[in-house]
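For reference, the structure discussed in these notes is given below.
Any value given below was found using the heavy atoms of this structure, including those in side chains, with hydrogens, waters and symmetry copies removed. To find a chain, count down the sequence lines: A is the first, B the second, and so on, and within it residues start at 1.
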There are 2 protein chains.
Amino acid sequence: MLNTRQLQILKLIIDDFIDSGLPVGSRTISKKSSLGISSATVRNEMADLEELGYLYQPHTSAGRIPSDLGYRLYVENLLDDRLINSESRILIRSLLVSGKISAGEVIEKAVHLLTQLTGLTVVSSFPGFRKRTLNNLKLIKISDAKVLLILVSDNEIVKNITLPFSGTSQDILDLISNSLLSTLKGSTIEDIDVKKISRLKYDLRQFESVIDYLVPILRDSLKNIEEIEYHVEGVENILSIPEFSDSEKVRKIYKLFEDKTIFKVLFNNIEDEGIYIKIGDENELLELNECSVITTAYRYKNNELGKIAVIGSKRMDYRGIISVVEYTKNTLTDIFSGIYL
Amino acid sequence: MLNTRQLQILKLIIDDFIDSGLPVGSRTISKKSSLGISSATVRNEMADLEELGYLYQPHTSAGRIPSDLGYRLYVENLLDDRLINSESRILIRSLLVSGKISAGEVIEKAVHLLTQLTGLTVVSSFPGFRKRTLNNLKLIKISDAKVLLILVSDNEIVKNITLPFSGTSQDILDLISNSLLSTLKGSTIEDIDVKKISRLKYDLRQFESVIDYLVPILRDSLKNIEEIEYHVEGVENILSIPEFSDSEKVRKIYKLFEDKTIFKVLFNNIEDEGIYIKIGDENELLELNECSVITTAYRYKNNELGKIAVIGSKRMDYRGIISVVEYTKNTLTDIFSGIYL
DNA sequence: GTTAGCACTCCGAGTTTGTGAGTGCTAACT
DNA sequence: AGTTAGCACTCACAAACTCGGAGTGCTAAC
């Protein structure tokens, strides 16, 4: 569709705009280009590129700015090979020594690192809990009126749930814990239902009244378990996007991140480990239509996907950020595949 | 020092400035005041008040703005009786039905409510953990390589600590848990030391090698326990303070809240259940010298203090906010004193 | 002690002006 | 046919200017 020279010019314009944030004029390109081309010629090409929708002018007699379509072409065809500098590589790779800490903490660390390295806003999701099978379980007495239920899934996620539950001792709770565990171990969390729990009554007939009391509480609590855990960091970096100099817009974005339900939308359609890029209006969330979002998924124990999104200005350094995100994703996949544990 | 009329005028000026945010002129006060006083007279009084340091002019020929000293006088002597509207009262009182949920969750809910009611930034601290005595403890196997240590304090705080610990079964962990608990129950968390833990070796001679492995890990983990838990909400409301239209300042504040060590400074010197007010430069943290901070402490189980701070513009509605904060504090104290459990 | 009156100050909003970067178009050149 | 020099034109942005209004301090009279 576009000839080589047009592509070159488009790339130069976008590179320059990403760098400066100012509309790019024909003279700038003429001087930068190694084609030995005059500004007049560049102007002609620019007019064509604008007609095709890759560029636009904020006003007559201003230089050009890439449109969303222009960025799209840029990220798909005009990015140089992804490369990641060795400092970043070493930093990210340091996640590997985290065999000692929990999976959730690894993700937190990864999000923190990505925020540092990109200077942008980073969001991650951790694979679901409800569909996992139960591996361990304990009831722990906290006070006369409260008991803590600890659930451990096969993917090492731990959930603490506080239950209102009085008049029992830790010894009885231990017995109930063990019974519960032997009944439920291997079920998926979402499959745990009253029927299964009720079986307890027969195993532990001497505590029937306790069990009667516990069952409905347990059922309600299990229903309320959050499906996915999210981590967010660097929201304040939104402030450095010039489009958000208006503080009302910034507040909207903040509100957006406070309500974690929106992350479902953010990670919608991310179904493999590829790098997904959404530019401006391509984002479903219209609060983000001045942003670009780079998303990918890491593989958790070969069968589930955790997700990572980096949110920044449309003028972000796509090449650098994609490479860092990709490297982080691969590292996480490696860690969770167990190779390095 | 100041006569009644001067106080009245100062109050009118500050009320007006809090309302409008614009320098207040003599004519405005002359019209508002029920004293039947001309603007010229007000001007004379204003000149006096300025000389005494309670007011200042942003420039000649502008109206007056209260100085930090003026605000100080205002909050100490000129506030009407604190009153709280019944909707707020009901909302806050609804925290009482939270006997079912954990203390930490109650605080979170309270912080959320305060953010809603004040429209400002709210920070809270929850009483220390290290100085509490240990009430319960469990080791739970998460995977082949990881064990979760659950600690429960006498004030119902629960800590999860993941330990790298391989090659053992839940049965052995249960035995160790029980031994550990009987050894440590009643110690304060910070008093748990290697000597005490080592006693295990003699109780559980058959698992000597396991214990040898566990002790140093446990010791290191206990050292790293966070003293105090903090909750923050509504940081985005900082954006609506006009002094923070400069986005660089906002970033600084955000950075401030990311590093929770600063909360220690914030809650420094708050040692009883009174209402503390810091205005502008009175704040130790110079990032907050355009803000006012209202702080108080709720009583936790009669012997410890949790703390609450509301951070907003110097132009905040002191009366309303103080009353809401005070009512929340009292409600939390009631809840944790156990009266309503 | 209070107030009317007045000269004075100064901000801020609106207008004017000038400049520079950029454009599109045309005509000449290769 | 593609490229380029040249030129008239456009427009945003910044600096300079103008002007009205809100507010002041001071003085003199009440």
Per-nucleotide protein contact string for nucleotides 16-26 of chain D, where B marks a base within reach and S marks sugar-phosphate only (heavy atoms under 4.0 Å, - for neither): -------BBB-

A/Y318 side chain reached by A/S292 side chain, heavy atoms, under 4.5 Å: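 Sidechains of A/Y318 and A/S292: in contact.
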
Any donor-acceptor pair under 3.5 Å from B/S240 side chain to B/N237 backbone: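 Answer holds: yes.
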
Can you measure [X] atom [atom1] to [N] atom [atom2] for me and round it to whole angstrom units?
X	N	atom1	atom2	value
B/D48	C/dT2	CG	P	11 Å
A/L22	D/dC13	CG	C1'	13 Å
B/L35	C/dG1	CG	P	16 Å
A/E45	D/dA1	CD	C1'	13 Å

Euclidean distance, A/I275 CD1 relative to A/E326 CD, rounded to 0.5 Å: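 These two atoms lie 4.5 Å from each other.
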
Pairwise distance OG1(B/T115) to CD(B/E236) - rounded to 0.5 angstrom: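 One finds 8.0 Å between OG1 of B/T115 and CD of B/E236.
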
Heavy-atom pair of closest approach, residues B/M46 and B/V24: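 Where B/M46 meets B/V24 most closely, the heavy atoms are CE-O, 3.5 Å.
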
G-U wobble or Watson-Crick pairing nucleotide for D/dC11 (cut-off 3.5 Å, both distances):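 Its partner is C/dG20.
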
Complement of D/dA28, any strand, by Watson-Crick or G-U distances under 3.5 angstrom: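 D/dA28 is paired with C/dT3.
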
Upstream residue (5' side of DNA chain C) when B/S38 and B/P58 are each assigned their closest nucleotide: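 Counting from the 5' end, the first nearest nucleotide belongs to B/S38.
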
Nucleotide nearest B/H59 (side chain, heavy atoms from C-beta), chosen from D/dT4, C/dC11, D/dC11: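 Per side-chain heavy atoms of B/H59, the pick is C/dC11.
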
Cation-pi geometry met for A/R64 and A/Y56 (6.0 Å, 45°):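 No cation-pi geometry.
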
